[in-house]
Amino acid sequence: MDFNLTPEEEAFRREVRDFLAAELPPPKQRDAAFMPEWWKKIRAKRWIGFSWPEEVGGGGGTLMQQFILKDELARARAPLLGSDYTGLHWVGPAIIQFGTPAQKARYIPEILDGQSIWCTGYSEPDVGSDLAALQCRAVREGDSYLVNGQKIWTSLAHFAKSIFLMVRTDADAPKHDGISCLLVPMDTPGIEVQRVHNMGAGGYGDMLNQVFFNDVRVPAELRLGAEGQGWEIICSALQSERSGITEVNRHETSLEDLLDLAARSERNGRPALEDASVRRKLGSFETRIEAMRLNGMRALTRQLRGDLHPSEASINKLHNCDLLVEMSELALELQGSAASYYGSGEAVLDKGRWQLAALSWPATVIGGGTPNVQKNIIAERMLGLPKD
Amino acid sequence: MDFGFSEEQELLRGEARKLLDEACPLSELNALRETPEGHSPEVWKQLGELGWLGLIVPEAYGGAGLGWLDLIVLLEETGRSLFPGPLVSNSLAAATLADAGDDAQQRRWLPALADGSRIGSVALLDEREAFWPDAIGLRGQRDGDGWRLSGEKRFVTDPTAADLFVVAFRTGDAPEALSLGVVEAGAPGVSAKHFPTLDQTRRLGNLELLDVRVAADAVLGAPGEAWPAIERLLDRGATAVAAEMLGSAQAALDLTVQYAKDRVQFGSPIGRFQGVKHPLAEMHVQLESARSLVYYAGWALDESPNDVARAASRAKALMTEASSRIGTEAIQLHGTIAYTEEYPAQLYYKRSKFTRPLFGDADHHYDRLLRLRGL
Ligand SMILES: Cc1cc2nc3c(=O)[nH]c(=O)nc-3n(C[C@H](O)[C@H](O)[C@H](O)COP(=O)(O)OP(=O)(O)OC[C@H]3O[C@@H](n4cnc5c(N)ncnc54)[C@H](O)[C@@H]3O)c2cc1C
């Protein structure tokens with residue numbers, strides 16, 4: 001066991017840190033003109049798609065370097081790496097793994113250069129956690145597919161250029177075997193997008209949609225992987241590498257702010273920091289955040305040794321959900337009635353950030369698999385309990 | 001960076017598990033608790049011969065010269081088998097001697113603690129059960145260049161098994177004016193007794209001191225300046241106990257998971273019902289997270305002294321929460337079978353109760369984490 005970096009790893013950390021110190025202005029000074037310039041600079045350093053192989057234009061970074069890069073970026077509160085989150089986090093990796101050379105050549109450079117905007121078509125009105133039951137139908141006709149059906153909760157579909165679409169190509173096969181993946185341009189005739197607004201008053205994090213497919217014709221060459229390989233693609237996309245270090249750094253920042261709020265607050269007419277239950281909660285947050293950081297490092301070690309359990313990420317996902325909910329809850333509790341104010345006006349504390357937190361946790365807690373689904377995964381795949 | 005164990009450490013784990021399974025199966029525990037020692041002196045001797053009692057004792061004083069991480073591997077296994085021997089007490093006494101004792105003192109006491117010919121324990125608490133300096137009330141009276149102690153130390157682990165005690169006492173009025181001294185069990189005025197315990201695999205009781213002399217050469221470090229060493233002892237204690245808890249909580253969880261696969265009700269293994277499988281998943285999450293914290297605390301004890309206080313508090317806090325929950329659910333999820341004397345779930349449950357307050361419960365450590373931030 002050794003938590004120190006090797007000299008080469010230390011040198012890489014220095015390189016990243018020095019670059020960020022020189023090139024990244026503090027959050028308040030990052031205006032609209034800044035982002036495109038910034039992405040150009042980090043693209044030149046090959047930090048966008050840093051984990052991808054060099055032959056597709058990625059950075060070819062080792063696992064350890066990826067860990068260091070993410071950690072340093074999060075510490076510096078750097079913006080997201082690249083503009084197309086979906087493209088970079090699961091569509092790109094899926095295309096690299098399952099795509100034809102032509103598909104790789106067509107899509108990967110766009111994603112790396114920030115030209116693409118992908119959205120994800122998994123959920124349907126009748127299909128959520130039981131994703132393998134999806135119904136949106138694609139019928140093969142000559143060298144194209146005819147798609148009919150509906151997707152829902154499709155983040156960013158209202159300005160996405162393409163959709164990573166899961167469809168049923170074989171209605172008679174067992175449910176996991178009849179699914180295929182299509183890479184569909186959003187301007188294809190027959191696609192209609194309708195906005196769905198979330199509860200984040202004032203448009204905060206508002207990105208949900210319904211997407212309707214009416215006789216949408218998709219060339220067969222836009223199928224990713226083989227017909228019927230959709231479920232395998234979904235599984236690999238849902239697992240796409242996740243060290244969790246970014247979430248950890250975000251929670252650490254939140255905890256600092258929460259401690260600061262507690263130091264300014266009262267409970268029952270006494271300083272909140274003298275209240276045993278407040279202290280217990282804050283100490284417990286600190287402990288679980290540190291556990292997440294160390295869990296991530298243990299998982300990384302196992303990945304380096306080649307024996308990472310694919311469901312490992314579910315452990316930190318559950319901590320992540322609990323911490324988001326509980327920390328925003330305590331922050332509102334500490335404010336008393338002031339917690340009822342909203343927005344960024346004079347009445348609201350800390351520019352309303354805790355109210356936003358209380359209205360945005362469902363994105364993390366529900367999106368990408370609910371806590372119950374994570375518990376099923378852990379119980380069945382890690383503890384070996386029977387499937388329900 | 002590497003957050004895993006070495007081959008040697010994995011080897012130690014395997015050997016310890018094998019030896020403890022053979023020499024100290026759960027079925028022996030009932031018989032052992034009736035003996036005067038409360039554990040098996042033969043097994044203790046065997047551990048001494050293997051060098052496992054002196055893992056963290058420097059080689060110069062008869063030990064193996066290894067680190068806390070190695071000891072944690074062993075403690076996880078003794079916890080797993082609910083080993084009733086005084087390994088934590090002995091290790092903490094030895095570690096404190098190695099930390100605060102001078103060369104002569106280490107030469108005098110460490111070899112015997114490392115080879116198992118004598119057993120050590122630590123006596124910290126007296127009137128108040130709190131882990132800050134002014135809670136230690138036992139006052140030393142000057143006697144030439146030494147001290148005399150009269151009073152009672154409470155909640156001493158393995159009081160009747162131990163041959164010597166590292167005792168904390170007060171040598172001034174300032175809260176931190178504390179000293180550490182070695183008191184031998186056979187010295188005039190020393191008596192120890194244990195009381196019946198809820199966890200019958202563990203012994204706990206009082207050390208009574210009646211005008212007991214602590215000579216100058218038995219005082220560890222400068223008189224009145226022992227608080228930092230006591231704090232380090234508390235951190236090692238919290239980490240060591242957490243490591244044993246990790247082993248026993250894992251054993252309790254394994255037992256319950258297996259039962260959930262085997263027991264059939266309503267035509268299905270009960271592990272298929274989410275009322276059973278979800279708590280098991282939650283406990284796995286908690287235990288794996290506590291595991292990360294315990295291992296890190298062990299590493300910090302060896303390599304990163306400035307991290308130790310935080311690391312130990314986080315480890316003991318989360319481990320205590322995990323162990324309490326797993327202890328209770330191990331009974332509830334089994335049903336009545338677990339309420340019986342012969343089924344082992346009750347042993348893990350009782351162990352979780354015994355270890356909770358040792359070196360501070362979860363609340364104590366959560367509170368301390370804020371104090372360590374100056375809040
Ligand atoms: C912010 C956000 C963005 C999203 N973006 C996208 C997107 O871009 N593309 C996309 O396709 N989807 C997206 N989703 C949808 C998301 O993936 C689904 O909502 C999620 O998988 C849950 O499905 P559901 O809402 O239909 O709930 P359901 O599956 O109907 O579940 C309802 C409740 O039942 C529980 N439950 C269900 N099955 C079980 C079970 N077997 N055992 C125990 N409990 C169970 C769930 O935990 C939940 O509490 C997004 C969601 C959010 C919140």
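Just so it is clear: chains get the letters A, B, ... in the order the sequence lines come, proteins before strands, and each one is counted from 1. Quantities reported herein were computed from a predicted structural model and do not represent experimental measurements.
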Give the atom names and distances for all donor-acceptor pairs closer than 3.5 Å across chain B and chain A.
residue : atom : partner : partner atom : Å
B:M1    : N    : A:N4    : O            : 3.2
B:D2    : N    : A:D2    : O            : 2.7
B:D2    : O    : A:D2    : N            : 2.8
B:D2    : OD1  : A:R305  : NH2          : 3.1
B:D2    : OD2  : A:R305  : NH2          : 3.1
B:F3    : N    : A:T301  : OG1          : 2.7
B:G4    : O    : A:M1    : N            : 3.2
B:F5    : O    : A:R305  : NH2          : 3.4
B:K261  : NZ   : A:L383  : O            : 2.9
B:R272  : NE   : A:K387  : O            : 2.7
B:Q274  : NE2  : A:N376  : OD1          : 3.3
B:Q274  : NE2  : A:D388  : OD2          : 2.4
B:K277  : NZ   : A:E380  : OE2          : 2.7
B:K277  : NZ   : A:P386  : O            : 2.9
B:H278  : NE2  : A:N376  : OD1          : 2.7
B:E282  : OE2  : A:K375  : NZ           : 2.8
B:E288  : O    : A:R298  : NH1          : 3.0
B:E288  : OE1  : A:R298  : NH2          : 2.8
B:S289  : OG   : A:N295  : ND2          : 3.1
B:S289  : OG   : A:H319  : NE2          : 2.6
B:S292  : OG   : A:N295  : OD1          : 2.5
B:S292  : OG   : A:R298  : NH1          : 2.8
B:R310  : NH1  : A:E286  : OE2          : 3.1
B:R314  : NE   : A:E286  : OE2          : 3.0
B:R314  : NH2  : A:E286  : OE2          : 2.9
B:D363  : OD1  : A:R280  : NE           : 2.8
B:D363  : OD2  : A:R280  : NE           : 3.1
B:D363  : OD2  : A:R280  : NH2          : 3.0
B:D367  : O    : A:R279  : NH2          : 3.4
B:D367  : OD1  : A:R279  : NE           : 2.4
B:R373  : NE   : A:E286  : OE1          : 2.9
B:R373  : NH1  : A:E256  : OE2          : 3.2
B:R373  : NH2  : A:E286  : OE1          : 3.4
B:L375  : O    : A:R279  : NH2          : 3.0

message = Working note: B:L233 + B:L92, criterion side-chain contact (heavy atoms from CB on, under 4.5 Å); need CA distance, chi angles, decisive distance, verdict.
response = CA-CA 7 Å; B:L233 165 57; B:L92 292 177; 3.9 Å; yes
Chain B shares the most heavy-atom pairs under 4.5 Å, among A:L259, A:L282, A:L304, A:L318, with A:L259
- Query: Using a distance-only test with no angle check, is there a side-chain donor-acceptor pair under 3.5 angstrom linking B:E244 and B:T78?
  - Reply: yes
Closest heavy-atom pair, B:L318 versus A:A291, reported as atoms and distance to 0.1 Å, is CD2-CB, 4.2 Å
Residues B:A252 and B:I326: closest non-hydrogen pair is CB-CG2, 3.8 Å
I'd like to know whether the aromatic ring centres of B:F3 and A:F67 sit less than 6.0 Å apart in this structure.
no
>> Is any side-chain heavy atom of A:L330 closer than 4.5 Å to one of A:F285?
In response: yes
Under 4.5 Å to a heavy atom of chain B? For A:I289 that would be neither
Heavy-atom closest pair (B:V88 atom, B:A240 atom, distance to 0.1 Å) is CG1-CB, 4.2 Å
Under 4.5 Å to a heavy atom of chain A? For B:L293 that would be both
Note: vs chain A, highest number of non-hydrogen pairs under 4.5 angstrom among B:A290, B:G271, B:A311 is B:G271
In this structure, CD1 of B:I230 is separated from CG of B:D99 (nearest 0.5 Å) by 11.0 Å
Honestly, the part of A:I315 sitting under 4.5 Å from a heavy atom of chain B is both
Applying a strict 4.5 Å limit to non-hydrogen atoms, the region of A:M1 in contact with chain B is both
Distance col, row A:L238:CG vs A:L131:CG, nearest 0.5 angstrom, shows 7.0 Å
